[in-house]
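Just so it is clear: chains get the letters A, B, ... in the order the sequence lines come, proteins before strands, and each one is counted from 1.
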Amino acid sequence: MKKNNTLKIVLAMLVVVLVSLVAFGGVYQGRKLLKGNLFGSDFKAKQVATYKVEEEKKSEEKATDTAADANKQEENSAEPTNAPEPTKTAEEKSKMYKEAKNKIENRLRDMQVEEFLVRLNEDTGNLAIEIPNDADVAALYRVVNKGTAEIQNQNTKETIIGNNGFKNITAKLETVNTSVPTVIINIEFTNEAKNTFRNVNPNYKDDSGTEQEATFAFILNGQTLYTDSANSFIETAKNGNLNLNMTQTKDQEKLDKSYKEALTLAAVIKSGELPVAFNVETVQYVQNEVNYKAIIVTAIVIGAILFVIAVLKFKTKAILPCLSLIGYVASLLLVLIPANVKLTWFSVMGIAIVTIINYAIIIQSISNDKKFMQNFVKTLSVLLPCLIAAVVFCCAPYLELASLGVIIFWGVIVMFVYDVLITRVLVNK
Amino acid sequence: MKKKLCILSIIIIIAGIVMVAVKGFNVGLEYKAHRALVVPMGTEYSKADIKGITNEVFGKQKVIIKNGSIYNDTAVIELENASDEQINTLRDKVIEKYNLRAKAEELKAEQEKAAAENKTENTETTEKKELTNDGILKIENLEIPRVTLLDLSKQYSWYVLVATVIILVYFMFEYRKLNAGMVLFKSVALLAISELLYAAIIALVRYPIDKVIIAAAVAIYISVLTYLNFVFAKEKAEKFSKTEKSK
């Protein structure tokens, strides 16, 4: 019986050592598996774009225009004077800049940019946006698109529907109902827009006075994205929905690119027109500096303190179970690689939380006379708030919270398997 | 002992509130409004060398040096403020350190030689290139606006709130025999006190707030909820065993 126990303990510790070597040392095929983990922008590079408000340029142009106007008026005093545009107060400008910032953040979220940080100087309106280096850098240019969308009668240049007429816009990749994969933008109109379509005149009078069917166009920032005959447009749009076929191709790369562009387009129009126009000043690559040594040393110091506390309290009973926690962390890190979890500071904290919880389970098991499994099952129910928080955080569209949620979730699952297989043997000896 | 700890916590929280009211939190450079000087040296550089130069030029001002290119030939120097004079001095010292003037003159000579060989074609381009070579090292001075703590917390607050409500409802239901109102009160009180205590300590020791601090606040939140569940489960088990014994 004693020999059996000793064998089990030796095997358990061998597994701990092996798993730790694979995760931290990269023994398997000589590859450093731990470095296969994807790192979030906390540990990697990011793209930082800075933007200036365009109105400064425009106000200078207006000033020269106004001066030119004034000169003309001196020459020809019969012409009426143009009333100058009222200048906005600092408070009004600040409100506009904040509104623009909120819309830009909504756009980045809808463009499915996992991590972003938008900085705003409320006095000048200058912006800076940070996204991970592996995100689509084109997003940094598209996100500040003014977003003036309209449905226009191309023949009369009359705007039929403005930004306010668009209720919702989504981009999707249609593969089921089409023979060739198609990127589609679906536009949902408001009730007012639907009524407008029902009552709009689909014809126009040409130069000779003859009524002809007009062409309607969907225009973004002066660029025509889609045109169709008026009747065809109205027939579809009056019911409230319009599907625009953007790209049809079997080429996966082109399809992915087109889908991203469609997502951007949908995000830009959905968020509404920016109250302020921005110019991209610079886009700069910046590598985040992380002191990995400090992280490892901190982890070792905290681990050593907890180990010493446990050993002082429970003597030799605590040594092997506490050492097995190294194997637990290694197992968790190995599971995270196929789970495709990006590591951020939040996920590092998540790893710390689940490890400390596992430590608490071990201490609880050593401190009383009950079997490990009895203590373990009891403690699992205590983890319910953790799991609830993990599930909620997994739903967040922000990488940091989502990575924390995923780490806690996997941490509890790995804890269950690891403790049943390895820790139980070491505690029950 | 518990009373003493309670009193100590309250004192620390009050001191923290006073510190925040008077001085605010010490926000890390990354989240303050600051400047980023992009120094494109065009040659591999050493961070230690740049650090030495920035110490000379900017004195005691906190400076963070990051890599601004995958080729390790551009440095991004982040600091709170930099005057034009300081930027010029930095420029001169970097040119001197990495011998950029000689390299620029070599390049200019090569281009002039190429222009001389193809005189008629390249007159215009030679002029343009001369203009460019005059600026041997152009340092871009980027404005990086601040991020308010409120903006930072916006990303997390909604989901933390949803998770908290669900967990508190679970506590009130699961431990209703311990008086649901009391369970709710204790949970909210302990959560609030733990986070306030943490914030107060951060404010008092003037630790610069960065992402690690925010992540630690979320970690404390989860740990406190787990601890609360453990305590309530224990109380419930004790109450249940007392009831069984009395029967």
Heavy-atom contact with chain B under 4.5 Å, split by part of [X]:
X        : result
A:Phe393 : side chain
A:Ser347 : neither
A:Tyr51  : neither

For [X], is it the side chain, the backbone, both or neither that has a heavy atom under 4.5 Å from a heavy atom of chain A?
X        : result
B:Tyr31  : both
B:Ile70  : both
B:Ala33  : neither
B:Phe232 : neither
B:Glu140 : side chain
B:Ile214 : both
B:Val212 : both
B:Leu225 : both
B:Tyr159 : both

Is B:Glu30 paired with B:Lys211 through a side-chain N to carboxylate O contact shorter than 4.0 Å?
->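 The answer is no: the pair does not qualify as a salt bridge.
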Intermediate values then yes/no, side-chain contact (heavy atoms from CB on, under 4.5 Å), B:Arg35 and B:Glu80 = CA-CA 6 Å; B:Arg35 315 296 304 193; B:Glu80 218 168 308; over 6 Å; no
Work out which heavy atom in A:Leu274 is nearest to a heavy atom in A:Val143; give both atom names and the distance.
->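 Taking every non-hydrogen atom into account, CD1-O, 4.4 Å.
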Step by step, would you call B:Tyr45 with B:Thr74 a side-chain contact (heavy atoms from CB on, under 4.5 Å)?
-> CA-CA 8 Å; B:Tyr45 70 97; B:Thr74 303; 5.7 Å; no
Going by atom types only, do B:Asn88 and B:Arg91 share a side-chain donor-acceptor pair under 3.5 Å?
->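 Judged by distance alone, the side chains do not pair up.
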Distance-only donor-acceptor check, side chains B:Tyr175 and B:Asn229, under 3.5 Å | yes
